[in-house]
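What follows is a single structure, written as structure tokens, with notes after it.
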Amino acid sequence: MSAKPAVLLIGGVDPQGCAGLTADIQTVSHHDCHPVPLVTALTEQRSDGLVNLGALSAEAFLTQYESCVADFDIAAIKIGLIPDRHIADCIVKIVERHQVPVILDPVLAASSGGLSIEPEVSEIIRKQLLGKITLLTPNLPELGRLSAEVQPMELAAQQLLNEGLAACLVKGGHAETAFATDYFSSAQTTFYVYQPRLKNQVRGTGCVLASSIASQLALGHDLRDAIILAKAYLTRGIRDANQQGPYHLVTHHRHPLTISDIPRLCYRADLIGKHFDFPACPKNLGVYPVVDSADWVERLLTIGVKTIQLRIKDKATAKTRSEIFDAVATSQQHHEVSFFVNDHWQMAIEAGAYGVHLGQEDLHDANLLEIEQSGLRLGVSTHSYWELARALALNPSYIALGPVYPTTSKQMPWAPQGIERLQQWQSILADQYPLVAIGGIDVPRARILKQTGVNSVAMISAITQADDYQSVTRELVHLWADHHL
Ligand SMILES: Cc1ncc(COP(=O)(O)OP(=O)(O)O)c(N)n1
Ligand SMILES: Cc1nc(C(=O)O)sc1CCOP(=O)(O)O
Ligand SMILES: [Mg+2]
């Protein structure tokens with residue numbers, strides 16, 4: 001068995017074992033990482049408040065740190081309670097020594113109140129630490145402290161980015177809505193992640209979220225996926241919260257991801273919680289050729305294909321338009337055909353297509369409300385957990401995962417997903433969304449994928465580059481015949 005990645009947990013001890021390092025250690029352990037705790041403070045706190053921060057001396061802290069790293073390679077760092085400026089200075093030096101992801105959950109304004117951290121700590125965080133970390137996870141009051149109370153939170157986060165912060169996840173924004181919403185901002189992107197607000201007041205949730213993100217990064221996930229996975233972990237933990245003394249505590253678990261745990265992701269505040277309602281399509285879409293001309297559509301429908309997509313790239317607008325109209329007309333001459341148009345959603349609406357297929361970038365440009373109102377089905381591509389969170393927010397007609405195998409038909413930044421990931425998507429989507437596999441699928445691979453129970457296999461080259469496309473298509477259609485319900 002390979003060694004578990006070690007996560008350095010810098011934070012305070014809660015003598016009641018609920019928040020701080022105890023929550024961090026439990027979280028990291030449940031992610032199959034090794035927790036390496038580095039104590040900043042031995043706090044005195046009870047249900048009626050915090051009476052003493054109990055900061056360690058800088059000397060004791062640094063001696064402890066040397067032991068922490070003596071025998072472990074640190075894969076990620078999570079920082080919680082920084083009790084005073086001396087510990088803050090030490091943490092700056094520690095962070096400089098490690099070229100690993102660093103998550104800072106700034107304990108500046110506890111939701112329970114009663115905590116008073118000297119203002120110099122905020123200053124050191126702002127001036128010396130923010131530019132060195134991977135992600136800051138403040139709540140709204142903490143964001144206020146760090147940004148000199150700039151409003152709204154989107155601007156406050158942007159100000160911290162302007163000052164050198166790489167990325168910020170503001171927790172609990174839009175508290176007035178029915179949805180618990182976090183706001184992510186980095187130089188590359190901004191988005192909201194939201195979930196129905198759970199009623200439980202649960203202790204230590206900030207620690208669990210930040211430690212979970214650190215663990216996911218230590219395991220090799222990219223930041224956006226780490227956030228989605230950590231949010232899902234926390235949601236499950238809050239929903240199943242257990243009562244200990246006067247508190248509700250997060251329940252830690254290793255259960256597989258479920259669709260309700262995954263937060264939804266959107267790029268616009270006015271779409272938080274919006275319920276889309278795209279019509280259903282057949283659950284088992286079966287063999288799903290993706291072709292680049294109306295002629296191909298005609299050829300393949302004649303052979304018995306029932307699901308097909310017209311994917312035109314780099315043709316003049318007028319030509320694209322006439323191809324789409326021709327293909328729609330052809331599809332309507334055949335019985336029970338699901339004909340999707342890739343990218344060109346406006347022309348798809350005008351031509352009266354059955355549906356559109358949009359990738360994540362396409363979703364940015366598309367008017368989703370217009371597509372929904374037009375009654376077209378919507379298929380959405382996914383390649384990662386955060387893209388799945390985005391797709392689920394749209395409640396689409398089907399979800400595609402790719403590239404399952406290496407493909408030569410399109411250059412993409414994604415490594416092949418493999419069958420295990422496909423099976424994970426299937427168990428997450430369960431019966432709620434048809435799942436389409438795409439990328440490098442030929443006849444032998446389609447045969448293998450059929451065993452997984454996936455609802456559909458989409459392909460370009462296996463058909464359009466085949467020496468004998470008719471026999472390949474017939475074989476595929478025959479192979480999946482009993483799937484087409
Ligand atoms: C069934 C199916 N799945 C995925 C894709 C890819 O769509 P997208 O991400 O929009 O990329 P382009 O096809 O536009 O290059 C697809 N077309 N069909
Ligand atoms: C267009 C496309 N989208 C993919 C995705 O993963 O989203 S893979 C892909 C190309 C599929 O072609 P082939 O069957 O020749 O591998
Ligand atoms: Mg596209």
Side-chain angles (χ1 to χ4, degrees), residues 278 281-293 296-297 300 305-315 320 323-324 327 337-348 353-366 368 371 376-388 390-391 394 396-419 421-422 425 429 433-449 454-467 469 472-473 476 480:
F278 292 98
C281 58
K283 178 152 195 299
N284 291 310
L285 287 164
V287 174
Y288 183 176
V290 177
V291 297
D292 63 2
S293 70
W296 267 115
V297 172
L300 296 179
V305 161
K306 293 289 181 192
T307 309
I308 193 157
Q309 180 185 132
L310 182 59
R311 176 178 180 268
I312 298 182
K313 305 274 178 188
D314 306 329
K315 278 193 182 125
T320 301
E323 291 281 326
I324 290 173
V337 164
S338 305
F339 169 71
F340 290 87
V341 174
N342 186 43
D343 296 347
H344 303 284
W345 59 272
Q346 278 156 314
M347 294 184 198
Y354 177 84
V356 284
H357 181 94
L358 297 178
Q360 301 273 328
E361 290 79 24
D362 311 321
L363 290 171
H364 275 299
D365 305 329
L368 295 164
I371 300 172
L376 266 63
R377 283 87 191 151
L378 174 68
V380 176
S381 302
T382 65
H383 310 87
S384 63
Y385 293 103
W386 63 268
E387 289 191 351
L388 180 58
R390 170 72 173 132
L394 302 177
S397 313
Y398 73 77
I399 289 177
L401 174 69
V404 176
Y405 297 100
T407 176
T408 50
S409 298
K410 179 175 174 180
Q411 286 212 326
M412 276 178 297
W414 312 99
Q417 308 281 351
I419 290 194
R421 179 61 66 88
L422 184 70
W425 248 235
L429 300 182
Y433 295 97
L435 177 61
V436 177
I438 186 168
I441 300 174
D442 55 13
V443 175
R445 285 171 172 168
R447 192 167 282 124
I448 294 169
L449 292 183
V454 69
N455 306 106
S456 172
V457 282
M459 66 283 293
I460 298 178
S461 52
I463 290 178
T464 60
Q465 306 293 312
D467 291 338
Y469 77 87
V472 168
T473 308
L476 284 165
W480 282 71

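One-based numbering, in listed order, for ligands and for the atoms of each. Quick note: residue numbers are just sequence positions, from 1.
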Do Lys410 and ligand 2 have an N or O pair less than 3.5 Å apart?
no
Considering only protein heavy atoms, which is closest to atom 8 (S) of ligand 2, and at what distance to one decimal place?
Met412 CE, 3.5 Å
For Asp343, the ligand 1 atoms whose distance to one of its heavy atoms is below 4.0 Å:
10 (O), 14 (O)
Worked verdict on Ser338 versus Tyr288 for side-chain contact (heavy atoms from CB on, under 4.5 Å):
CA-CA 9 Å; Ser338 305; Tyr288 183 176; over 6 Å; no
closest protein heavy atom to atom 15 (O) of ligand 2 is Ser409 OG, 2.4 Å
Taking distance alone, with no angle check, do Ser381 and ligand 2 share an N/O pair under 3.5 Å?
no
Can you confirm, on distance only, whether ligand 2 has an N/O atom lying under 3.5 Å from any N/O atom belonging to Thr408?
no
Atoms of ligand 2 close to Gly439 [distance to a heavy atom under 4.0 angstrom, numbered from 1]:
8 (S), 16 (O)
Checking the N or O distance criterion of under 3.5 Å, is ligand 1 in contact with Gln309?
yes
Let me have the donor-acceptor pairs involving side chains of residues 405-419, under 3.5 Å, with sequence neighbours excluded, atom names and distances please.
| from | atom 1 | to | atom 2 | distance (Å) |
| --- | --- | --- | --- | --- |
| Thr407 | OG1 | Ser409 | N | 3.0 |
| Gln417 | NE2 | His383 | O | 3.0 |
| Gln417 | NE2 | Gly402 | O | 2.9 |

Going by distance only, is there an N or O of Met459 that falls short of 3.5 Å from an N or O of ligand 2?
no
Polar-atom distance check: Tyr398 versus ligand 1, any N or O pair below 3.5 Å?
no
One should read off an interatomic distance between Leu285 CG and Phe340 CZ, to the nearest 0.5 angstrom, of 5.5 Å
State the atoms of ligand 2, each with its element, that fall below the 4.0 Å cut-off from a heavy-atom position in Thr407.
10 (C), 11 (C), 12 (O), 13 (P), 15 (O), 16 (O)
Min heavy-atom dist Gly440 to ligand 2 below 4.0 Å:
yes
For atom 5 (C) of ligand 2, what's the nearest protein heavy-atom neighbour? Residue, atom name and distance, please.
His383 NE2, 3.3 Å
Here the gap from Leu422 atom CG to Ile438 atom CD1, rounded to the nearest 0.5 Å, amounts to 12.5 Å
Is the shortest N/O to N/O distance between Ala400 and ligand 1 below 3.5 Å?
no
Does an N or O anywhere in Ile438 fall below 3.5 Å from an N or O of ligand 2?
no
The atoms of ligand 2 lying under 4.0 Å from a heavy atom of Ser461, numbered in the order shown, are 13 (P), 14 (O), 15 (O)
Please could you name the atoms of ligand 1 that Arg311 approaches to less than 4.0 Å, counting only its heavy atoms?
12 (P), 13 (O), 15 (O)
Heavy atoms only: which of His344, Glu387, His357 lies closest to atom 16 (C) of ligand 1?
His357
Rounded to the nearest 0.5 Å, what separates atom CG in Asn284 from atom OH in Tyr398?
14.0 Å
Checking side-chain contact (heavy atoms from CB on, under 4.5 Å) for the pair Asn342/Val290: CA distance, chi angles, key distance, verdict?
CA-CA 9 Å; Asn342 186 43; Val290 177; over 6 Å; no
I need the minimum non-hydrogen distance between Ile308 and Trp296, along with the two atoms involved.
CD1-O, 4.4 Å
What protein heavy atom lies closest to atom 11 (O) of ligand 1? Include the residue and the distance to one decimal.
Lys410 NZ, 2.6 Å
About how many Å separate CG of Leu300 and OG1 of Thr307, when rounded to the nearest 0.5 Å?
11.5 Å
Looking only at protein heavy atoms, which one is nearest to atom 1 (C) of ligand 1, and what is the separation?
Tyr288 CE1, 3.6 Å
Cationic N near anionic O, under 4.0 Å, Lys313 to Asp343
yes
On a heavy-atom basis, the closest approach of Val472 and Ala462 is CG1-O, 3.5 Å
What do the steps show when you test Lys306 against Val287 for side-chain contact (heavy atoms from CB on, under 4.5 Å), and what is the final call?
CA-CA 8 Å; Lys306 293 289 181 192; Val287 174; over 6 Å; no
Side chain to side chain, Val337 and Tyr354, heavy atoms closer than 4.5 Å:
no
Contact check: Arg311 vs ligand 2, nitrogen or oxygen atoms, below 3.5 angstrom
no
Counting from 1 in the order shown, the ligand 2 atoms closer than 4.0 Å to a non-hydrogen atom of Pro403 are 6 (O)
Return the residue, atom name and 0.1 Å-rounded distance of the protein heavy atom closest to atom 8 (P) of ligand 1.
Ser381 OG, 3.5 Å
Is there a side-chain contact between Leu378 and Val356, using heavy atoms and a 4.5 Å cut-off?
yes
For ligand 2, which is the ligand I care about here, please tell me if Pro406 has any N or O atom under 3.5 Å from one of the ligand's N or O atoms.
no
Can you name the closest pair of heavy atoms from Pro396 and Phe278 and give their distance?
CA-CD1, 4.3 Å
To which protein heavy atom is atom 14 (O) of ligand 2 closest, and what is the distance rounded to 0.1 Å?
Ile460 N, 2.8 Å
Output, in order, the C-alpha distance, side-chain angles, deciding distance and verdict of side-chain contact (heavy atoms from CB on, under 4.5 Å) for Glu323 and Val297.
CA-CA 10 Å; Glu323 291 281 326; Val297 172; over 6 Å; no
Mind checking whether Gln465 contacts ligand 2 via backbone (N, CA, C, O), side chain (CB onward), both or neither, at a 4.0 Å heavy-atom cut-off?
neither
To the closest 0.5 Å, what do you measure between CG (Asp365) and CG (Leu358)?
9.5 Å
How close do Trp480 and Gly286 get, heavy atom to heavy atom, and via which atoms?
CE3-CA, 4.1 Å
Report yes or no: does a heavy atom of Lys313 sit under 4.0 Å from some atom of ligand 1?
yes
Could you state the interatomic distance from OG (Ser381) to CG (Leu401), rounded to the nearest 0.5 Å?
9.5 Å
Could you check whether any side-chain heavy atom of Leu376 comes within less than 4.5 Å of a side-chain heavy atom of Val341, counting everything from C-beta outward?
no
What is the number of protein N/O/S atoms located under 2.8 Å from the Mg ion (ligand 3)?
2
